[in-house]
Amino acid sequence: MAKMQKSDHDLEMMADQIVARMDQGSIRPQIREISNYIDGLGFSREDADTLGRLVVAKTQHGGLKPRHIIVLLHGIRTNAEWQGLAVDAFSPYCLKVIPVKYGFFDVISFWFPITPFFRGMPIRRVEDELKSVIADYSNVHVSVVAHSFGTYIISRVLKRNFNIRLFRLLMCGSIIPLRYDWRRLPNKPRGGLMNDVGTKDRLPILAETLTWGYGASGTYGFGTAEVDENYHDFGHSGFFSQDHVNSYWVPFLFHGTYVKSPINVTRTQPGYGWELLRLLKIKYVAIAAVAWFVVKPAVAAFINF
Amino acid sequence: MKFEHLMHDFPRDSEAIKNLSDFFLDAAQKKRTVSLSFDRLFEIANPTSMATLARIIQQLIDAHTLTQVYRVEYGSGIGSDFKSLSEIPEVIYDRDGLEVIPDVQNTKAYYLFHGENAEV
């Protein structure tokens, strides 16, 4: 029976483990010992040779980092505390991690649908940042990790600037509308898209129903072949643990490996109340109510006349 | 030299493969044999990860575009060459008959491209 090929991520992690065990002294740095250890893993000939090559390369050129820059975008009402964790986890695998901040974005600015006045400032800030990263570093892959309002920002930036092409895009707590057309986006990230969906996250539903421009893709997923979706039993900010970042984000960002979450199989939908809320769209109910209060006196005056 | 199949196997590293292809094409036109270390190939290709480059190299070796050489270096002479890690014995002897134990410090990997034999 043919042996299954290991993913690049598996091989890289295995090579790191072997190098770490050499540093600790549990594997002697002698070639024969390393070779016997690799043979004992039972990999295919190609994988064993590749792993051997990686181990030797890592011991001799350990500092090699791909020309890959990760840009982190936070959400609203936060100062992006999770970005420190991400910087630590990503730094060994890339040239640079840039946590972009656009200041404390309040609920009113988040809600107000007139984009140029309220949502426009952070969009322009991120746009400028990405343009300057691309200009400053030649031949570099730029990937983005975005949470919550950060996902909305990057979706707008990509639509407004076809010359900004990302390598990979990882979203969590996404509030991008479900109808966002990834397929027809000319500058769709060429290394893949992943959407981490929180099955207990209700904020995207509230954003969709209360105002304009947002969607509940962080609760339901996009439902398109263009995006790899991974479901987790998390609320809006449950993704920010070392375990989650190392298990799902690092393989995707640095090796394009989609590690499937077990929740993909067992996931449940939010209750019917939330479905009803989506259906009713509170924003339209509110407009109807306001319109009624404005029109009602005129109607009454007309009837009396 | 056929790099199209590599583009197919590594679509997300197509730029890295193009960079390697350009480099080898130039060496082939000049009929040059070049010896490259892993870090030099990394610099030329600009791949998305070390593992991806290690796998691309594997395919180039299998396609006879590159020849892999593990050289165990010792003081007297340039050292002894082997094609793979598993071929390297536990102990080798240098020209003066002194015992050398191959380890990660004295064993270097090189990848040879024979430009004079390559089809352009």
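Because only heavy atoms are used, hydrogens play no part in the values below, and waters and symmetry mates are left out as well, while side chains stay in. Reminder, nothing fancy here: chain letters follow the sequence lines and each chain counts from 1.
Within 6.0 Å of NZ in A/Lys6 there are 12 or fewer heavy atoms belonging to other residues, nucleotides or ligands. The neighbour count for B/Glu90 CD, taken as heavy atoms of other residues, nucleotides or ligands under 6.0 Å away, does not exceed 12. Atom NZ of A/Lys96 sits in a sparse spot, with 12 or fewer heavy atoms from other residues, nucleotides or ligands closer than 6.0 Å. Within 6.0 Å of the NZ atom in A/Lys260, the count of heavy atoms belonging to other residues, nucleotides or ligands does not exceed 12. Heavy-atom neighbours of B/His5 NE2 from other residues, nucleotides or ligands within 6.0 Å: above the threshold of 12.
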Tell me, with the steps shown, if B/Tyr70 and A/Ile31 meet side-chain contact (heavy atoms from CB on, under 4.5 Å).
CA-CA 10 Å; B/Tyr70 283 106; A/Ile31 297 298; over 6 Å; no

One pair to check against salt bridge (Lys or Arg N to Asp or Glu O under 4.0 Å): A/Arg190 and B/Glu15. What are the steps and the verdict?
CA-CA 11 Å; A/Arg190 62 184 186 281; B/Glu15 281 174 34; 3.4 Å; yes

Walk me through it: do B/Asp62 and A/Glu46 pass the test side-chain contact (heavy atoms from CB on, under 4.5 Å)?
CA-CA 9 Å; B/Asp62 291 345; A/Glu46 288 81 4; 4.0 Å; yes

Apply side-chain contact (heavy atoms from CB on, under 4.5 Å) to residues B/Met50 and A/Arg53 and explain how you reach the verdict.
CA-CA 10 Å; B/Met50 287 179 83; A/Arg53 182 172 308 117; over 6 Å; no

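In this structure, no portion of B/Leu53 lies under 4.5 Å from any heavy atom of chain A. Interface remark: B/Ile101 contributes side-chain atoms only to the contact with chain A (heavy atom separation under 4.5 Å). Only the side chain of A/Ser35 comes within less than 4.5 Å of a heavy atom of chain B; its backbone N, CA, C and O stay farther away. Neither the backbone nor the side chain of B/Gln59 comes within contact range of chain A; no heavy atom of the residue lies under 4.5 Å from a heavy atom of that chain. Residue B/Phe82 does not touch chain A at all, counting heavy-atom pairs closer than 4.5 Å. Looking at B/Pro47, the atoms closer than 4.5 Å to chain A (heavy atoms on both sides) all sit in the backbone: N, CA, C or O. Heavy-atom distances place no part of B/Pro11 under 4.5 Å from chain A, backbone and side chain included. Neither the backbone nor the side chain of B/Asn19 comes within less than 4.5 Å of any heavy atom of chain A. Looking at B/Glu43, neither its backbone nor its side chain comes within 4.5 Å of chain A, counting heavy atoms on both sides.
Distance alone, capped at 3.5 Å, is enough to place a donor-acceptor pair between the B/Asn46 side chain and the A/Asn139 backbone. Distance alone, capped at 3.5 Å, is enough to place a donor-acceptor pair between the A/Arg32 side chain and the B/Ser86 backbone. Put simply, the side chain of A/Gln60 gets close to the backbone of B/Thr107: a donor and an acceptor are under 3.5 Å apart.
No side-chain heavy atom of A/His68 sits less than 4.5 Å from a side-chain heavy atom of B/Thr48.
The greatest number of non-hydrogen atom pairs below 4.5 Å with chain B, out of A/Arg168, A/Glu33, A/Arg28, A/Lys65, is found for A/Lys65. Note on A/Gln30, A/His61, A/His141: by heavy-atom pairs under 4.5 Å with chain B, the leading option is A/His61. Between chain B and the options A/Leu51, A/Leu54, A/Val55, A/Asp10, the largest number of non-hydrogen pairs under 4.5 Å is found for A/Leu54.
Atom CD of B/Gln105 is separated from atom OG1 of A/Thr59 by 7.0 Å, given to the nearest 0.5 angstrom. Of the inter-residue distances, the one linking B/Gln68 atom CD with A/Asp49 atom CG reads 6.5 Å to the nearest 0.5 angstrom. With values rounded to the nearest 0.5 angstrom, A/Asp8 atom CG is found 8.5 Å from B/Ile56 atom CD1.
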